There are 2 protein chains.
Amino acid sequence: MSAAPEGYDPHAFVPFAVTVDLAVFTVREARLHVLLVERGGEPYKGGWALPGGFILPRESAEEAARRELAEETGLTQDTVGGLHLEQLRTYTEPDRDPRMRVVSVAYAALLPDLPEPRGGGDAARARWWEARDLGDLAFDHGRILADAYDRVGAKFEYTCLATQFCPAEFTLGELQQVYETVWGVELDRPNFRRKVLATPGFVEAVEGPPRRTGGRGKPAALYRAGAAAALHPPLLRPEGRTG
Amino acid sequence: MSAAPEGYDPHAFVPFAVTVDLAVFTVREARLHVLLVERGGEPYKGGWALPGGFILPRESAEEAARRELAEETGLTQDTVGGLHLEQLRTYTEPDRDPRMRVVSVAYAALLPDLPEPRGGGDAARARWWEARDLGDLAFDHGRILADAYDRVGAKFEYTCLATQFCPAEFTLGELQQVYETVWGVELDRPNFRRKVLATPGFVEAVEGPPRRTGGRGKPAALYRAGAAAALHPPLLRPEGRTG
DNA sequence: TCCTTTAATAGTCACTCTGACTATAAAGGG
DNA sequence: CCCTTTATAGTCAGAGTGACTATTAAAGGA
């Protein structure tokens with residue numbers, strides 16, 4: 001009565017199209033932004049969607065995601081190759097694409113603020129949108145984006161992922177800004193500082209005496225991302241809410 | 001140069017087979033067990049694999065996973081419908097199945113110890129294996145199982161998932177046993193107890209005076225799973241290691 | 001029946017981590 | 001020179017936890 005009695009039967013499978021979709025986040029001017037592309041064809045023509053595309057015959061989903069990311073952002077393959085791509089989950093509802101059965105593997109990527117909003121990809125139009133006050137997206141991409149946002153917020157609690165939003169060298173104030181933007185809360189500066197510096201491998205001080213300022217005020221010491229991937233113990237959100 | 005310039009082109013996609021694979025865990029006699037099925041055909045004929053199968057044309061992946069789980073375990077659709085199925089990740093390496101391009105969405109399920117190891121599914125043979133000292137599994141199922149194990153261990157830290165391994169009513173000692181088995185550590189009993197009882201919604205006391213014993217000793221109070229899904233603050237593993 | 005064993009439950013104490021603050025230092029602008 | 005701004009240092013009380021010790025309630029054997 002079922003699909004595959006013992007092991008797979010290679011002649012009885014149902015063909016699906018498999019795509020990757022990318023939730024690409026950046027923090028610009030203390031606000032969270034998402035990269036969206038405008039749809040050039042039906043359905044949802046003229047609407048906005050997450051960047052993505054089909055997995056090629058000899059590609060893994062992650063390779064496809066990196067390729068698409070490079071195409072949409074104009075980043076070099078090298079840069080994209082070093083980024084952490086977080087596989088979120090796979091969306092399989094039968095009617096999520098009105099034309100055919102499409103299964104989509106969703107990834108999240110975190111980028112520092114880029115000089116140019118987008119590179120010369122082949123998508124009709126791509127641009128950064130502020131994450132809040134987004135209208136409806138094409139397909140189930142609104143749902144995917146919401147899941148991505150939840151995941152990133154949760155991962156900030158127990159990983160060093162936040163440094164991915166920062167340039168190579170950053171101040172603790174900038175790192176705190178990233179947390180505040182993603183979590184949508186204000187953090188106490190001395191406490192944040194104490195916690196970050198007390199976590200081995202989270203950040204490491206940049207040696208040279210060079211310092212920098214964000215406008216007025218005392219110049220801040222510079223740090224770069226450390227070697228650690230996880231935070232022990234975690235840096236929990238105030239009023240902890242777990243998506 | 002790429003797959004889908006603007007939006008999907010429904011005529012240019014590459015067809016994939018899409019399956020679900022299940023990592024089904026249970027705790028029997030203080031040891032972690034996994035449900036495996038014996039392969040009846042090539043490749044890996046006679047080897048052991050995770051239960052799973054193709055997604056049907058009008059099914060979501062989660063529906064397919066529940067259907068397969070019911071078939072392999074003999075649980076009723078109702079029982080399976082109430083279980084938490086954790087979508088792990090999706091495995092897409094081009095050569096993970098030697099016959100064809102198969103993309104697999106992996107799920108983890110946690111069951112209380114079942115009276116019968118398996119129901120009358122249509123898999124060649126299915127049985128519980130102790131999680132450690134497993135030989136090699138078919139396909140990339142060893143990798144999937146390792147990922148599933150890591151995920152379950154991590155989720156135990158900040159969710160109430162552990163109660164899924166327990167029957168409807170259980171003692172705190174049994175719940176602790178589950179944690180110790182999954183994490184592979186010993187926990188201090190009074191501290192575990194204090195933590196669990198101090199977490200609102202984790203467990204709730206079963207009213208009646210009925211008590212039960214695990215052999216000798218003082219009878220233990222019974223509890224059932226509470227309404228909470230998350231633990232605040234988390235119950236961290238000693239020597240915290242994050243897979 | 002008393003004593004030993006076993007397991008559940010109660011309680012203590014010190015240490016760490018955190019939230020909420022206050023204080024000081026180093027810049028720029030009027 | 002004072003005022004504003006931002007970084008950095010430090011203080012203090014309360015929550016949470018690890019490591020214990022003590023007590024209670026059963027079963028089983030001498």
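None of these values were measured; they are calculated from a predicted model.
- Using cut-offs of 30° and 60° on the angle between ring planes, the pair B:Y179 and B:W183 is perpendicular.
- Nearest heavy-atom pair, B:V178 versus B:C166, reported as atom, atom and distance to 0.1 Å: CG2-SG, 4.0 Å.
- A salt bridge is absent between B:R67 and B:E63; no separation between the charged side-chain nitrogens and carboxylate oxygens falls under 4.0 Å.
- Remark: P of D:dA15 and CG of A:L236 are 17 Å apart, rounded to the nearest angstrom.
- Contacts of residues 189-197 of chain B with DNA chain D (heavy atom under 4.0 Å): B:P190, B:N191, B:R194, B:K195.
- Under 3.5 Å, the side chains of A:T26 and A:D113 contain no donor-acceptor pair of N or O atoms.
- Side chain to side chain, B:Y91 and B:D21 fail the donor-acceptor criterion of an N or O pair below 3.5 Å.
- Relative to the ring axis of A:Y149, A:R151 does not place its NZ or CZ within 45° and under 6.0 Å from the centre.
- Side-chain proximity of B:D188 to D:dA19, D:dT5, C:dA8: nearest is D:dA19.
- At whole-Å resolution of the value, NZ in B:K218 and P in D:dT23 are 13 Å apart.
- Across the protein-nucleic acid pair, B:R216 atom CZ and C:dT9 atom P stand 17 Å apart, rounded to whole Å.
- The closest side-chain heavy-atom distance from A:L69 to A:L85 is below 4.5 Å.
- Computed from coordinates, the A:L235 CG to C:dC17 P distance equals 14 Å when rounded to whole Å.
- The separation between B:E186 atom CD and D:dG18 atom P is 15 Å, rounded to whole Å.
- Residues of residues 168-183 of chain A that place a heavy atom closer than 4.0 Å to DNA chain C do not occur.
- Salt bridge A:E130/A:R132: present, at least one basic N to carboxylate O contact under 4.0 Å.
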